[in-house]
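Okay, structure first, notes after.
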Amino acid sequence: MPLSRKVFKMKKLFLYSIVLFGCTLMSCGDDEVPVGTTSEVTLNFTANYGTNMLDSDTQTTHDFEEESTVRFTEFRFFISDVVFTTEEGTDETALIEIDEIDFSRSNMDAKYIRSVPTGKYSGIKFFIGVEAEFNNTKPEEYASEHPLANTASYWLAWNSYIHCKLEGFLDNGTANEIPFSYHTGSDDLLRSVTIPYNITLAADGSFDLDIMVDVEKILYKNDTYWNIEEFPATHNPSNPDDLNTANYIMDNLSEAFKIQ
Amino acid sequence: MKFGTSYILALFLLLFLACGNDDDMVTSPVDEDIDLSNIPYDPQPFDLVIPDSFPQMEIPADNPITVAGQDLGRHLFYDPVLSADSSMSCSSCHLQNSSFTDNRAVSIGIDGIGGTRSSMSLLNIGFNYNGLFWDGRSLTLEEQALLPVEDPIELHNLWPDVIDKLQASDLYREKFRKAFGIGLASEITKELAVKALAQFERSIVSSGNSWFDQVIYGNDPTKQFEDDELNGFLMFFDQSNGALPDAECGHCHPAPLFTTDEYINNGLDPASEPVDFLDPGYGTVTQFPSDFGRFRVPTLRNIALTAPYMHDGRFQTLEEVVEHYNSGGHHAPNIDPLITPLELTPEQQQDLIAFLKTLSDMDVVENPLYSNPF
């Protein structure tokens, strides 16, 4: 169950106090926390365009259809209900409730999880986007450090968070670059990703999982590049073209992940 | 982050003080020092009224807003004692009537020298979490308030001189005592002065009574936009379902605050390289090439009162602003992709402006809690 939501704000101060006093206590007394049952996990998300690193927010261009190129100024998406799966399919281990992966400054965004129960896992599973329960909330319900507090990530027209933003420019040789801006939102556009991978977490160890997302795959399917010029945006939820584009983007994004 | 850190620091400080030897803390009164302990110190929390639709304001734990602190801050804000020649105060460039801007393209300091930037509205400034000024160079209101006093093109003074004057003033001795419980006049410091200024600034919050708030967040179904306002609203938030063009404004100026506080290039100037920008804006602070020419998205609340517009005050009217956006702006590598030709008819442009005018909040402009106390 998500613990944040409305209570988050109110509990904030309280939590800090607990954490702080907890720390103080622990550093004074003998360590009573059972050792040897957890491991540290880091999820390293990186973004590529095909075989090249995605260099977002710069002028670096990437090959697109025929003579044209694309460059990206923003690429970010939410992940929610991130879990390690097990062979048995039960007892999933929760890693992250909700967070944002942001490649607008760097092609890497790492998420650190302090203590994950040791054992064998069969892979990782998560939603791309803000899962429904959180998506019922609004930015003003959160303290500013919370990933859902950013009003730029919420779009009134859909009553939804923006699951994914992909923005940039297409240069197809005409006088001006063509801007594109794909924002996707609403519960229907939430997508689930499962990547099988054998993971063994040893006691008191640390484990890095490198998850790569290939942006080219978001705009390329069945040997065809997306027609950016004709469908450059997804802002209007009731426009069927926009909805179709948004579905295309989210479907492709959900298939663009792999573990390296 | 900011809030959390300061809170933890404050707590550690408390723990530290509680453990440490208190003797270090006692300042022995100097001859001419004035004992203030007979003035009652009874801090009461300031009743900060925030519209329901707004986020919660995060206030640093070491500077809660009190009635006496806000009152002291208001006095300092309006008092020309802060400037070298006693001719100007914060309020000279942040006028309540103008939603705390100065209606000049660029501000002019005490020596008559103009800066390069336009004054900024202080309305709802307490909700900002992403850096202050057009370029984000200051992180907190407490830190920010230190700057105008010594800025050569603003108040052009020296803090020690200001503090001397404050310590010598009966009015301020009493107000600092009531706000912060200091025991001696010599304990009036610039740190306390900026805390009080910050408390005053945080108290400047929308009333929730603008026409926009009444229509959208009020519970009175008789309150409906006029046709032009409604059209403007639908275009602003891309909500017309294709009946009208999308104006894209709401992506960067979303309700309720009408800003994301992000740093964006909205296409004001053509550039092919970062160095082409006359004013590098956010780039000066981050040194990140694609941040050159980016500026913080300003709030549009009370926008009808704050002309001229943009960081350098280049547009005199909202008509010019909307014309700029309608044109798609000037190309630069880091122009935001949402800035593209909008193809609004002249009538639709007027509708957008009619909507912007629904954001006017005269209660802020008239609220006696924010007005000149002298």
Side-chain angles (χ1 to χ4, degrees), chain A residues 8-10 12-13 15-17 19-21 23-24 55-60 71-74 104-105 138-145 149-158 162 165-170 175-183 232-242, chain B residues 1-5 7-8 11-12 15 50-58 61 127-130 216 234 236-242 246 248 250-262 264-265 272-274 286 288-291 297 328 331 333-341:
Chain A
F8 186 84
K9 273 195 304 206
M10 300 177 328
K12 188 103 202 159
L13 275 175
L15 271 176
Y16 273 121
S17 323
V19 170
L20 187 69
F21 283 106
C23 292
T24 321
D55 207 350
S56 64
D57 211 30
T58 72
Q59 293 185 65
T60 309
R71 63 187 181 92
F72 298 92
T73 53
E74 182 149 5
S104 48
R105 281 305 165 103
K138 293 210 164 98
E140 47 267 28
E141 295 172 37
Y142 299 94
S144 67
E145 312 88 282
N150 189 347
T151 48
S153 306
Y154 193 85
W155 191 223
L156 204 68
W158 304 321
I162 301 171
K165 278 190 189 181
L166 182 66
E167 297 180 3
F169 294 87
L170 168 75
N176 290 314
E177 287 184 300
I178 297 158
F180 58 86
S181 164
Y182 301 122
H183 294 187
T234 52
H235 296 148
N236 196 327
S238 45
N239 175 332
D241 279 347
D242 281 16
Chain B
M1 275 306 284
K2 251 178 288 160
F3 173 68
T5 322
Y7 180 71
I8 287 175
L11 256 174
F12 268 116
L15 285 175
I50 296 177
D52 287 344
S53 61
F54 273 37
Q56 192 173 297
M57 190 186 295
E58 289 165 36
F127 296 98
N128 171 290
Y129 68 98
N130 203 21
I216 298 296
L234 294 172
F236 189 97
F237 289 109
D238 299 6
Q239 281 204 18
S240 79
N241 297 348
D246 292 339
E248 316 287 10
H251 292 277
C252 301
H253 300 284
L257 296 171
F258 288 84
T259 174
T260 58
D261 283 328
E262 290 179 313
I264 300 244
N265 175 355
S272 48
E273 307 264 359
T286 68
F288 198 70
S290 78
D291 286 339
V297 180
H331 188 264
N334 63 354
I335 186 177
D336 195 281
L338 290 164
I339 306 295
T340 107

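Each chain gets a letter, A, B and so on, in the order its sequence line appears, and its residues count up from 1. Here the structure is a predicted model, which is why all the values come from computation and not from measurement.
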- From CG (B:Asp238) to CG (A:Asp242), nearest 0.5 Å: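 B:Asp238 CG to A:Asp242 CG: 9.5 Å, rounded to 0.5 Å.
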- Inter-residue atom distance A:Lys138.NZ - B:Ser53.OG, 0.5 Å rounding: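 It comes to 10.0 Å.
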- Heavy-atom distance under 4.5 Å to chain B: side chain of A:Phe180, backbone, both or neither?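 Backbone only.
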- Least distance between heavy atoms, A:Asn150 atom then B:Tyr129 atom: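 For A:Asn150 versus B:Tyr129, the nearest heavy atoms are OD1-OH, 3.6 Å.
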- Query: Taking all atoms of both residues into account, what is the closest heavy-atom pair of B:Phe237 and A:Trp155, and its distance?
  - Reply: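 Here B:Phe237 and A:Trp155 meet closest at O-CZ2, 3.5 Å.
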- Task: Under 4.5 Å heavy-atom distance to chain A, tell me which part of B:Pro289 shows up: side chain, backbone, both or neither.
- Result: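 It is neither, since no heavy atom gets under 4.5 Å.
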- Contacting moiety of B:His251, where chain A heavy atoms sit under 4.5 Å: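 Contact with chain A involves both backbone and side-chain atoms of B:His251.
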- Do you know which of B:Leu257, B:Val297, B:Thr260, B:Thr340 has the most heavy-atom pairs with chain A at a distance under 4.5 angstrom?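 Top option by heavy-atom pairs under 4.5 Å: B:Thr260.
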- All ring-ring contact (aromatic ring centres under 6.0 Å, His included) counterparts of B:Phe236, not counting sequence neighbours: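 Partners of B:Phe236 under the ring-ring contact (aromatic ring centres under 6.0 Å, His included) test: B:Phe258, B:Phe355.
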If you define the side chain from C-beta out and look only at heavy atoms, does anything of [X] sit under 4.5 Å from [Y]?
| X | Y | result |
| --- | --- | --- |
| A:Glu140 | B:Asp52 | no |
| B:Leu338 | A:Pro179 | no |
| B:Pro254 | A:Tyr154 | no |

- Query: Partners of A:Glu177 by salt bridge (charged side-chain N to carboxylate O under 4.0 Å, His left out), sequence neighbours excluded?
  - Reply: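 In terms of salt bridge (charged side-chain N to carboxylate O under 4.0 Å, His left out), with neighbours along the sequence ignored, A:Glu177 is linked to A:Arg71.
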